[in-house]
Amino acid sequence: MAKTARCPSCGAPVEFRSVASVLAVCDYCQSTLLRHGDEVENLGKMAALIEDRSPLQRGAEGRWRGLHFALVGRIQLRYEQGLWNEWHLLFNDGKSGWISEAGGEYVLSLPHAVSETPPAFADLKIGQRHVLAGRAFTVTNILQAECVAGEGELPFKVGGGYAAPVVDLRDAKGGFATLDYSEDAARPVVFLGESVKFKSLDWANLRAGMPIPEITVKAKAFNCPHCGSPLAIKHENIASLGCPGCGSVIDTAADTLKIIGRTHAALEKPRLPLGSTATLRGEKIEVIGYMERAMSSDGIVYCWGEYVCLGKDNALVWLTEYDGHWNIARVLNRSVRAADIVRLDKEAFKHFQGYHAHVKFVIGEFPWRVRIDEVATVDDYVAPPRMLSRESTDNEETWTVAEYAPPEEIAAAFGIKTFMAQPSGIFANQPNPHVAGHRTVCRRFWLFALAAGAIQIGLLVANPGGALLKQSLVFDAKDSEPVLTREFRLAATMPRLDVANATSINNGWLDLDMTLVNQDTGDTWRATREISHYEGFDDGESWSEGSRSDTVVFRDLPAGSYLIEIEPEMDAKSPPLRSELTVRRGGPRWSSLGLVLGFLALFPIGTRLRQRGFEIKRWAESDHPIVSQGGGDGGEGGDWGSDGGDGGGGGGDGGGGD
Amino acid sequence: MPRVYLVLGLIALGVYSWAQYRGVGLFGDVADSNPLRGQGGRSTYHK
C-alpha cells in the first residue's frame, strides 16, 4: 500500500508506492528524502538528470509475462562509453525490479538470491564463465560506472557521483545477469533477467504523450568546437558525434560539448551517405554514422568501413564493407562460448582469423562514446554466408552475427544507380558460388549411374550372352577335307556373334578360312584368319611373338540354324593342331559400363575441384590456410571441415558499443 | 555446367546403350573381319 510523506523542504506530497523504496526525490524541489519508517530525512538536493530522449518516464506502465508494472524511479549512470538509465519498476504483486535502457537495448531484471558465491569485482575478467542460479553466464561488460542523478522512488541510497561498479553477464539463450558491487566490492547484489523487445512490454503513458522537454544546444544543432563545421544530432540516445570536417569526436552526452578525440587519418567520404535510408531485407534502416577501421597483418594495413544504421524500433544494424564485399550485422544479445569451432543456432562457425582492430576515423552519430585510439581484439568465425565476430576490450566483450550481402542488393536497397565497386578477391563468409552447381551435378551423376545400371541389367536379361557352342577341333595338314562344326541355333536376330579359336600352335602358323552357314536360308558369311605364334630364348632372355588364339565377330545374324565350315591351311610338316572353338553370343560388357561411369564421374570430380579451389582461395589469407597434400577433404581450412574464407581486412561485424 | 552435364550425360547414356546392344566394345577387343555375306553354292553344306 502506498505511503505518502510530506517533503520537509517544500511540503509537497512525496509518495512511496513500493515497500522496497527507501529513497525518493521530491518532484518539486528535487530534495532527496530518505525514509525512516514513517519519517523522512532530507539528504539535500539531488543532482540534475542529463536530458536524453528516452521514451520512458516515471508513471509509464507496461506488462511483462502477464504481470503489470509501473516505472516508479530512475537512476541515470555514466560510464566510459556514455550514459544509460536504470528504471525502478513496481509490479502489481508488490515486487520490484529494474529495466536497463542502454544503446537502444532494454533488459528487465529482478533481484535474485543465489546459492553460488559470486566472485569479487577485482577478480572478474571479460569472457569468464560463472554459474548463477544454476545457469552458466559469461562476463561481457565490466563497468566502473558513476551515478549521475536519480528521480522518483529508489530502493537504496544514491546520489550524484556515487560509484557504481557493475558487471554484466549473458548466457547463450538471451538471459542476462548483473552483479552490482555498489554496496560491497566483494559481495554483489545479483540481478537476473532477460533482454526484451521494447514493444513486447505493451507500454502505456510513454514519454511521447507528455510535453517534449526544452531542446538544448547539445540536443540539436551546434558547431564543431574544433573547426566550426555545422553539426546536428537528429536521433535519440546519441552519445558521440564525428565531425566530417576535421575528424573530431565530440561527446554529446555531457551538458557541454567536449572533444574526446581527433583522428589524424585522412577522412574519406562513405559510399552510403549519412542520412540515407533503405529497405533492406524487409527492414527500414537509416545510416546515421560511419567509421573506418583498420588492422595490420604481415606489415600490410587493411581498412574497412562500418556503417551504423538505425533499424526497426531503433535497434542498431551494421553494414560493413571491405573491398566491395558487404555484410549486414547485428549485435548478438547473448554470449557465445569461444572455441576453435563455435556453435550458434545449430550452425558450426569455424575460426577464420584473429586480429587487433582500431578506429581510424568516425563521421556522424553514434549511440556510444567512440574512442579513436580504441583497440579491440577481434576473432572472426565463419559459416558462409554467415560470420560470427567476437570483439573484446579490457572491459567489454561483444558478439556480432553478420550475413553476406551482394553489392547489387545494397545498391538496390539504397537506390544507388552509379557504379558500386565489384567485390575483389574472396571474402571470409562469401558464399561459394560452385556449391549449388556441384550438388546438381552430383545428383545427376547418381541418376545417370542408376540409369546405366538399369540398362546393363536390362540388356543382360534380354541378351545375356554366353556360349552357344564349344567344340574341340583337329587340323591336320594331311587332311584335305574341310572341318565342319556341330549345328547351333540362334533363336532371334543376333547383333553380335563371337567365334573364338584357342589353338595349340607352337612356333608355327595356321590360316583358317571360315564360312558361317545359315542352314535355313543358305546365307553364308566368310572370314579368313591368320594365327601364328613364335617363341624362343635369346641371350638369356625369352621372347614371344603373335598369339595362339583368335576371335572373329559376325554381326546382325538372323535367327536360324547355323554351322561353321573351316578350311585350314598350315605348314605341310606341321603336326596336327588342336583348337578349342567357342561360339559365343555378344552380351553387354562390364568394361563398357565402367567406361561410361568413368566418363560421367569426370564432371562431379571437376565441379568438386572447382568448389575446393574457391575454398582454398578463401582460406588462403586466414589463420588456417588449406595446405593441399593430396589428403584432407575438399574446401577446408587446414584440418577443418567444410567451407572457409579469405581475409585481408576483417570487418564482418559492428565494432564498438552495443 | 549442370545443363551441359545433363546433355552430355544423356548422349553418353545413349551411346552406351547402343554400344551394349550392338555388342560394340572398346577394350580387349577383336578385329571385325568384315565377313562377306552371300549365297553359298557348296555342296558340302547340304550333306
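Given the structure is predicted, the values throughout are model-derived calculations rather than measurements. Per chain, numbering begins at 1; letters A, B, ... match sequence-line order.
The closest donor-acceptor contact from the side chain of B/Q20 to the backbone of A/R589 lies under 3.5 Å.
When heavy atoms are compared at a cutoff of 4.5 Å, A/V596 approaches chain B solely by way of its side chain, counted from C-beta outward. If you measure heavy-atom distances from A/L447 to chain B, you find no contacts under 4.5 Å at all. Looking at A/L600, the atoms closer than 4.5 Å to chain B (heavy atoms on both sides) sit in the backbone and in the side chain alike. At a 4.5 Å heavy-atom cutoff, the contact between A/R610 and chain B is made by side-chain atoms alone.
Few gaps surround CD on A/Q471; more than 12 heavy atoms of other groups in view lie less than 6.0 Å from it. Residue-environment remark: CZ (A/F599) exceeds the threshold of 12 foreign heavy atoms within 6.0 Å. Dense packing is recorded around CD of A/E408, with more than 12 heavy atoms of other residues, nucleotides or ligands lying under 6.0 Å away.
For the residue pair A/L593 and B/Y16, the shortest heavy atom distance occurs at CD1-OH, 3.3 Å. Closest approach of B/P2 to A/V441, counting heavy atoms only: CA-CG2, 4.0 Å.
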(message) ring pair (Phe, Tyr, Trp, His ring centres under 6.0 Å) for B/Y5 and A/F445? Distances and angles first, verdict last.
(response) CA-CA 9 Å; B/Y5 185 51; A/F445 168 75; 7.3 Å; no
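Between A/F603 and B/L8 there is a side-chain heavy-atom pair separated by less than 4.5 Å.
Separating the OH atom in B/Y21 from the CG atom in A/L459 is a distance of 9.0 Å, to the nearest 0.5 Å.
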